[in-house]
There are 2 protein chains.
Amino acid sequence: MNTLAEENYLKAIYHLSLSDANVSTNQIAAALNTKAASVTDMLKKLADKELINYEKYQGVTLTAVGKKIALQIIRKHRLWEYFLVEKLNFKWDEVHEMAEEMEHISSVELIDRLDKFMDYPKHDPHGDPIPDRDGNFKKHELKPIASLAVNEGGIISGVRDHSATFLQYLEKQQLTIGKKITVTEIIDYDHSMILQVEQTTTHISREVAKNLLIVI
Amino acid sequence: MNTLAEENYLKAIYHLSLSDANVSTNQIAAALNTKAASVTDMLKKLADKELINYEKYQGVTLTAVGKKIALQIIRKHRLWEYFLVEKLNFKWDEVHEMAEEMEHISSVELIDRLDKFMDYPKHDPHGDPIPDRDGNFKKHELKPIASLAVNEGGIISGVRDHSATFLQYLEKQQLTIGKKITVTEIIDYDHSMILQVEQTTTHISREVAKNLLIVI
DNA sequence: ATTTATTTTTAGACAAGTCTAAATTTTTTA
DNA sequence: TAAAAAATTTAGACTTGTCTAAAAATAAAT
């Protein structure tokens, strides 16, 4: 199998390649809190194992095999997050670090049984889709609240920022997954938005509106 | 915290020190499938961290701190084994390897919540006691069936050999935790024993009788 | 009580993964 | 399009944990 470091690189490359097809050395270094020189060393090893396509100075993409491994790790991460929240009653801002460790437990049988135990959840506590055992998942169309006009709305279904502070803020404002929201006003000056959230009214900054995702 | 290797050494030393107060380099090497030279290196590191008492050529004992860490790891191992068997329906001979990985998940809060989720089990699927969060557990008096005389008996409550092949054999013979057994005959020639196990009669070798433990 | 055998430690080496500093390539900008 | 800036790679070093081979210490045996 692959080492812990290799798994973390593949996962980071996968996530980064969602926004940029070609992932750069510096992007990876930033994501993994390491130095560009270290990344270059590892990229060579991953290329030798044919898990990434790598040309010096040109950035990387995952091979089919590399992508599959990355998706298995993400599957494990998200299933464990679901377990921690739904079975052990952790809050959604508390589970990331633990899942970072748990995603490296190797047994496939274990994760399939965990999936069954929880009745095959489709999304983790932050709304991110959980790939099935073959790495497939359907990405529903998420858009940031910031992209809405007045009187438009939808169901809160995901976040772009997964930091604990952002999640805690949302929790406090009751802006959690599943809530129905409608934009009632957009302030010209700073593009902040006033939302109708079920019974109540909330005022959010553009920063927040950009990081909170809905499905229409 | 401690590295994975350090944790495995502490755990191995703990287990070995149950039979020998002073644990030798070679015993540790055998337990961890490594070489004596590697063990010596690690013993120096653990001694520097004051997790073991180590005098060259004299073997080692755990310090109070080292023992506490070892017991936390064993607590985690056994709770995860219980989870795998009771919640995910694995068989008792399938869980050891998975728990070997899971025992290194660091969060104490996680393991305490897992403990609560399962309603504070006292024993793992093999009958071994699960230490509480402070490392305490009461060891009930287990004795091998081999030590019994005719007409004596008890409740199967543990195993000395944790290998999958032994556990599978016991499963097939219905010699599982909780079963009440009585010795009906001991064969002089090979010290094998005939047992009454609930409704049925089973013949076991001395080898098996030495590795199957009961409480009277 | 020496010699022999066993156990343990030391010395030196290696792989994985990381780092800093310097060199090289690519990109940007004037 | 040449010079400056930014990004990337190379070179060499360090740590952790492991190994083999040789040396040293302890235990066993004649």
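In what follows, chains are A, B, ... by sequence order, proteins preceding strands, each numbered from 1.
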Asks: Is a salt bridge present between Arg78(A) and Glu103(A), judged by a nitrogen-to-oxygen distance below 4.0 Å?
Replies: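 Glu103(A) and Arg78(A): not salt-bridged.
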Asks: For Glu171(A) and Thr176(A), does a side-chain donor sit closer than 3.5 Å to a side-chain acceptor?
Replies: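 Glu171(A) vs Thr176(A): no donor-acceptor pair found between side chains.
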Asks: Taking side-chain hydrogen bond (donor to acceptor under 3.5 Å, both in side chains) as the criterion, tell me which of Asn22(A), Asp20(A), Asn53(A) meets it with Thr61(A).
Replies: Asn53(A)
Asks: Would you check, one step at a time, whether the test side-chain hydrogen bond (donor to acceptor under 3.5 Å, both in side chains) holds for Asn26(A) with Ser24(A)?
Replies: CA-CA 5 Å; Asn26(A) 268 357; Ser24(A) 76; over 6 Å; no
Asks: Taking atom CD of Glu7(B) and atom CG of Leu51(B), what is their separation to the nearest 0.5 Å?
Replies: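 The CD atom of Glu7(B) sits 10.5 Å away from the CG atom of Leu51(B).
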Asks: So how far is it from Ile181(B) CD1 to Leu195(B) CG, rounded to the nearest 0.5 Å?
Replies: 5.0 Å
Asks: Is the distance between the ring centroids of His15(A) and His162(A) under 6.0 Å?
Replies: no
Asks: Within the sub-3.5 Å range, which N or O atoms of nucleotides 14-21 of chain D have a protein N or O partner, and how far apart are they?
Replies:
| unit_1 | atom_1 | unit_2 | atom_2 | d |
| --- | --- | --- | --- | --- |
| dG17(D) | OP1 | Thr3(B) | OG1 | 2.5 |
| dT18(D) | OP2 | Tyr9(B) | OH | 3.4 |
| dT18(D) | O4 | Asp41(B) | OD2 | 3.4 |
| dC19(D) | OP2 | Thr34(B) | OG1 | 2.5 |
| dC19(D) | OP2 | Lys35(B) | N | 3.1 |
| dC19(D) | OP2 | Ser38(B) | OG | 2.6 |
| dC19(D) | N4 | Asp41(B) | OD2 | 3.4 |
| dT20(D) | OP2 | Lys35(B) | NZ | 3.3 |

Asks: Can we call the ring centroids of Tyr82(B) and Tyr120(B) under 6.0 Å apart?
Replies: no
Asks: If you look only at distance, which donor and acceptor atoms sit under 3.5 Å apart when one is on a side chain in residues 107-114 of chain A and the other is two or more places apart or in another chain?
Replies:
| unit_1 | atom_1 | unit_2 | atom_2 | d |
| --- | --- | --- | --- | --- |
| Ser107(A) | OG | Glu109(A) | N | 3.4 |
| Ser107(A) | OG | Leu110(A) | N | 2.9 |
| Glu109(A) | OE2 | Arg113(A) | NE | 2.9 |
| Glu109(A) | OE2 | Arg113(A) | NH2 | 3.3 |
| Asp112(A) | OD1 | Arg75(A) | NH2 | 2.8 |
| Asp112(A) | OD2 | Arg133(A) | NH1 | 3.0 |
| Asp112(A) | OD2 | Arg133(A) | NH2 | 3.2 |
| Arg113(A) | NH1 | Leu88(B) | O | 3.0 |
| Arg113(A) | NH1 | Asn89(B) | O | 2.7 |

Asks: Yes or no on ring-ring contact (aromatic ring centres under 6.0 Å, His included) for Phe90(A) and Phe83(A), after CA distance, side-chain angles and deciding distance?
Replies: CA-CA 9 Å; Phe90(A) 281 100; Phe83(A) 172 78; 9.3 Å; no
Asks: What integer distance in Å separates Glu55(A):CD from dT9(D):P?
Replies: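 My rounded result for the distance is 11 Å.
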Asks: May I ask you to decide whether Glu100(B) forms a salt bridge with Lys11(B), counting only side-chain N to carboxylate O separations under 4.0 Å?
Replies: yes
Asks: Would you write out the dot-bracket form of DNA chain D, 5' to 3', with Watson-Crick and G-U pairs under 3.5 Å, [ ] for crossing pairs, | for pairs to other strands and . for unpaired bases?
Replies: ||||||||||||||||||||||||||||||
Asks: Near DNA chain C, which residues from residues 17-30 of chain B have a heavy atom under 4.0 Å away?
Replies: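 Residues of residues 17-30 of chain B under 4.0 Å from DNA chain C: Ser24(B), Thr25(B), Asn26(B).
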Asks: Pick out the pairs of N or O atoms, protein on one side and nucleotides 25-28 of chain D on the other, that lie under 3.5 Å.
Replies:
| unit_1 | atom_1 | unit_2 | atom_2 | d |
| --- | --- | --- | --- | --- |
| dA25(D) | O4' | Tyr57(B) | OH | 3.4 |

Asks: Counting C-beta onward and ignoring hydrogens, is there a side-chain heavy-atom pair between Glu6(A) and Lys49(A) closer than 4.5 Å?
Replies: yes
Asks: Quick one: Lys49(A) NZ to dG17(C) P, roughly how many Å, whole number?
Replies: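 It is 8 Å, rounded to the nearest whole Å.
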Asks: Tell me, which pairs form a ring-ring contact (aromatic ring centres under 6.0 Å, His included) where one or both residues lie in residues 20-77 of chain B, sequence neighbours left out?
Replies: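 Passing the test, one end in residues 20-77 of chain B: His77(B)-His96(B).
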